[in-house]
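A note on names: the letters A, B, ... follow the listed sequences, proteins ahead of strands, and every chain is numbered from 1. What you are looking at is a predicted structure, and each value in this text was computed from that prediction instead of being measured.
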Protein chains: 2
Amino acid sequence: MAPDKRVTIRDVALAAGVSPGTVSRAMNDSSLVNEDTHRRIMRVVEELDYTPNVVARRLSLGKTLAVGVIVPFFTRPSVSERLNGVVSLLATSQYDLVIHNIEAPEQRVTCLTEIPFNEQADGILSISLTPTDAEAERLAQAGLPVVLIDGDHRALKGVHHQVTVDDVAGGEATTRYLIELGHTKIGFVGDYHDNPFNFTSSRDRYVGYQRALWEADIPVRAEYLEENQHGRRPARESARNLLALTDRPTAIFAASDTQAVGVLEAAREAGLTVPDDLSVVGYDDVEIADILGLTTRRQLLFESGRRGVELLLQTLENPGTERVFDTLPTELIVRETTAPPQG
Amino acid sequence: MAPDKRVTIRDVALAAGVSPGTVSRAMNDSSLVNEDTHRRIMRVVEELDYTPNVVARRLSLGKTLAVGVIVPFFTRPSVSERLNGVVSLLATSQYDLVIHNIEAPEQRVTCLTEIPFNEQADGILSISLTPTDAEAERLAQAGLPVVLIDGDHRALKGVHHQVTVDDVAGGEATTRYLIELGHTKIGFVGDYHDNPFNFTSSRDRYVGYQRALWEADIPVRAEYLEENQHGRRPARESARNLLALTDRPTAIFAASDTQAVGVLEAAREAGLTVPDDLSVVGYDDVEIADILGLTTRRQLLFESGRRGVELLLQTLENPGTERVFDTLPTELIVRETTAPPQG
DNA sequence: ATGAGCGTTGCAACCGGTTGAATTAAACCG
DNA sequence: CGGTTTAATTCAACCGGTTGCAACGCTCAT
């Protein structure tokens, strides 16, 4: 009944008539143990159904064989897709994945300052977070490899690698596309550019938006910028404001697909036809964009996760690796929500 | 430069002029330690910035202070939402969350048979997986508390608690709603009922569908059942088949919202207006349902995750806890994709 | 003064692996 | 046949905490 105490390495040693050390070696680097002994030990392992205790192993090795992943709001489709890339590659390695979700700004602090220190992970993957200078310094102290996915902090040594997208360029190119279609009155619906999580993508895309306008000699109008909480509903509100302007935009660039959906809803409410009365562009190219036929700028979410893990594993194997700053490309996916302005 | 070796409990002990044991006690149950000593130790801890090594702690305690979560396809919105519930509650506890994603049937086996055995977790949460009898037995052997969220296996002792939805009842009620609207030709678009992951929800909902028809004396027509891979695209294909029938259904019940989206797409392709020419109902009530105005049966995804964790933590605290089988309610959310059949 | 009783603290074993150094046994060589 | 190399294995320390038990110092009652 009582699930007989776990089988330990000493049990195996006893049964095989060797010392624990030999069993240990047999299970790892067979090179030092005799062929026959090895086989014998393995047979006993089989028989007793022995599985090494990972925790003991970790303590002894001084490695946790786990990587910590810090993600904010992992239910957001873009984040979830990145995480998916992370998980898919990590599953093929010996490392476990310990997840730390951040839903509130306080958690952000705890995660970034405590996790690296309690030896729970050999490396840290941070998704969509841009550490402040103080946080980066603290990370550096911990001496763990840190990889930023969709987060930028080249300045300090705490960060080893990063995988990003050039959001400024992406925002610029997307805006330029709208301009080339003939739009000059282009609204922007994004997150609060100053937010407690220090999310930077919306802000960066807006910077790109401004650049595109400048280059085209189109004035940047303050009333065309709407900042709000992230999300579909807040974006809908923001879009309502834009569409209520006396000189309303003929196109709206949303900082994410989720927000673009809110924009589309606001347009419908206002009785506007998309794309005839209003063009809408999103960012990310998550599934909803395909479903709704939303024109958007695609970024390689899944790949960013995979690439991040790849870099982290590389560093764990070989701590001397040079720092890498990857920038993944983006691509405009034109669907049915954009067209030249009417009249 | 070299991030000076980690501070251990012995360093603290030395600095505070006590033994490691006392420091350990001071950090845990202060009751045995003198007030003054306690304060002194804590000051040193502060000064040296000491954090206990979790791995050593785990080995010594014989507990891993982590729970393993096994999820298939966590990018599916319904699963992700459940996971969200899990994470949100677990974050408030001392337990870490180690994720194991399953994307292929082989992984299913590894996860269910190995993970419980290598002492990586004190308890297991399994989401949307129904263990086979053999797997359940193996789980029981491991002697770990296991909680099934959206999975059913009351038969064996391996499972401690479970949190489910009555999919049969949900499917029946949903179908009855269509019947009450006046539909008699109702198609069903679901997963392969026989699949390597042993997902049962689609199958169960279909059983409910059959019951509703029987009760209403409507014949169950084999050609109205379409099984396919899970997903929007396969569901679209399936719906195409249904709509191509000479006596096509006037309503389609999709086993999930994701699949309902595929059905809507097929309807649009076929030039049918929803809900006038075709009614469509989904299941889950994930965000896309709200966006598209899809009538659907809501289930409490987030809550199911939270509740599962609650039960698991309870059992970890107090191993004697009685087994609990929770069934969460569902609710029909009527939106704009259902109406009485035309003519 | 003696010893019981209590609150604190130290000691040392233990959790279950890993690993460098020491040991043993076999093999080889002049 | 002694001496040395080499391969295989054992030994014991170690990773960094936890904890039962012993020991210590003190108070208090006898």
Side-chain angles (χ1 to χ4, degrees), chain A residues 4-42 44-45 48-66 94 96 117-122 142-143, chain B residues 4-42 44-45 48-66 94 96 117-122 142-143:
Chain A
D4 45 353
K5 294 259 324 211
R6 298 264 332 197
V7 179
T8 76
I9 202 168
R10 287 165 232 269
D11 298 330
V12 177
L14 200 66
V18 294
S19 77
T22 308
V23 177
S24 171
R25 273 182 264 261
M27 300 224 54
N28 301 319
D29 52 35
S30 55
S31 84
L32 286 181
V33 349
N34 179 291
E35 280 271 316
D36 284 347
T37 331
H38 187 265
R39 257 196 299 279
R40 182 156 42 93
I41 291 176
M42 285 331 232
V44 176
V45 165
L48 299 186
D49 195 14
Y50 166 70
T51 347
N53 179 322
V54 184
V55 177
R57 188 131 196 283
R58 287 173 181 176
L59 177 58
S60 186
L61 289 173
K63 312 176 69 190
T64 66
L65 296 182
Q94 60 174 332
D96 277 341
F117 282 87
N118 49 15
E119 302 260 357
Q120 306 212 52
D122 296 329
Chain B
D4 44 355
K5 295 261 320 211
R6 297 261 331 190
V7 180
T8 78
I9 202 169
R10 288 166 230 270
D11 298 330
V12 176
L14 202 66
V18 294
S19 78
T22 307
V23 176
S24 172
R25 273 183 270 259
M27 301 223 56
N28 302 320
D29 53 28
S30 56
S31 84
L32 287 180
V33 179
N34 179 290
E35 280 271 314
D36 284 347
T37 328
H38 187 265
R39 257 195 300 278
R40 181 155 44 95
I41 291 176
M42 285 330 229
V44 175
V45 165
L48 299 185
D49 195 14
Y50 166 68
T51 347
N53 178 322
V54 185
V55 178
R57 186 131 198 284
R58 288 173 178 175
L59 177 58
S60 185
L61 289 174
K63 312 176 70 189
T64 66
L65 296 182
Q94 60 175 333
D96 277 341
F117 282 88
N118 51 15
E119 303 260 356
Q120 305 212 52
D122 296 328

**Student:** Using whole Å, what does the distance between atom P of nucleotide D:dG20 and atom CG of B:Asn28 come to?
**Tutor:**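 It is 13 Å, rounded to the nearest whole Å.
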**Student:** Give me the bend of the helix from C:dA1-D:dT30 to C:dG30-D:dC1, using the axes of the five pairs at each end, rounded to 10°.
**Tutor:**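 The two end axes of the helix from C:dA1-D:dT30 to C:dG30-D:dC1 meet at 70°.
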**Student:** Taking only side-chain N and O atoms of A:Thr22, does any of them lie within less than 4.0 angstrom of OP1 or OP2 on D:dA8?
**Tutor:** no
**Student:** Out of C:dT9, D:dG17, C:dT18, which has the shortest distance to the side chain of B:Ala56?
**Tutor:** D:dG17
**Student:** For the side chain of A:Val33, starting at C-beta, report the closest nucleotide among D:dT9, C:dT9, C:dG17.
**Tutor:** D:dT9
**Student:** Among B:Val55, B:Leu61, B:Leu65, which residue meets the side chain to side chain contact (heavy atoms under 4.5 Å, CB included) test with A:Val55?
**Tutor:**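 Only match with A:Val55 under side chain to side chain contact (heavy atoms under 4.5 Å, CB included): B:Val55.
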**Student:** From the options C:dT18, D:dG16, D:dC11, select the nucleotide whose nearest atom is closest to the side chain of A:Leu59.
**Tutor:**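 Out of C:dT18, D:dG16, D:dC11, the nucleotide with an atom closest to A:Leu59's side chain is D:dG16.
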**Student:** Starting the side chain at C-beta, find the nucleotide from D:dA8, C:dT8, C:dG17 nearest to A:Arg57.
**Tutor:** C:dG17
**Student:** Nearest to the side chain of B:Tyr50, heavy atoms from C-beta on, is which of D:dG17, C:dA21, D:dT18?
**Tutor:** D:dG17
**Student:** If I compare all heavy atoms of B:Pro20 with all of B:Ile9, which pair ends up nearest, and what's the gap?
**Tutor:** O-CD1, 3.7 Å
**Student:** Under 4.0 Å from OP1 or OP2 of C:dC15: is there any side-chain N or O of A:Asn53 that close?
**Tutor:** no
**Student:** Looking at C:dC14, I'd like to know if its phosphate oxygens (OP1 or OP2) sit under 4.0 Å from a side-chain N or O belonging to B:Ser60.
**Tutor:** no
**Student:** Side-chain N or O of A:Asn34 versus OP1/OP2 of D:dA7: is the shortest distance under 4.0 Å?
**Tutor:**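 No.
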**Student:** Heavy atoms from C-beta onward define the side chain here; which of D:dG16, C:dG17, C:dT9 lies closest to that of A:Arg10?
**Tutor:**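 Selected nucleotide (nearest to the side chain): C:dG17.
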**Student:** Compare side-chain N and O positions of B:Ser19 against OP1 and OP2 of C:dC11 and report whether any pair is under 4.0 Å apart.
**Tutor:**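 Indeed not, no polar side-chain atom of B:Ser19 lies that close.
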**Student:** Once rounded to the nearest 0.5 Å, what's the spacing between atom OG1 of B:Thr22 and atom NE2 of B:His38?
**Tutor:**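 That separation rounds to 11.5 Å.
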**Student:** Keeping B:Arg10 on the side-chain end and B:Ser19 on the backbone end, is there a donor-acceptor pair under 3.5 Å?
**Tutor:**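 Pair absent, no side-chain N/O of B:Arg10 close to backbone of B:Ser19.
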**Student:** Return the nearest nucleotide to the side chain of A:Arg25; candidates are D:dC21, D:dT10, C:dT18.
**Tutor:**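 Given the options D:dC21, D:dT10, C:dT18, the side chain of A:Arg25 is closest to D:dT10.
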**Student:** Counting only side-chain heavy atoms from C-beta out, which of C:dT9, C:dG16, D:dT18 sits nearest to B:Leu61?
**Tutor:** D:dT18
**Student:** Where the side chain of A:Ser24 is defined as all heavy atoms beyond and including C-beta, which of D:dT18, D:dA8, C:dT18 is the nearest nucleotide?
**Tutor:** C:dT18
**Student:** Whether the side chain of A:Thr8 and the base of C:dG16 hold a donor-acceptor pair under 3.5 Å is what I'd like checked.
**Tutor:**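 Under the 3.5 Å cut-off, the side chain and the base do not form any donor-acceptor pair.
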**Student:** Taking the minimum atom-to-atom distance to the side chain of B:Leu32, which one of D:dT9, C:dT18, C:dT9 wins?
**Tutor:**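 Closest of the options to the side chain of B:Leu32: C:dT9.
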**Student:** Without decimals, in angstroms, what is the distance between B:Arg58 CZ and D:dC15 C1'?
**Tutor:** 15 Å
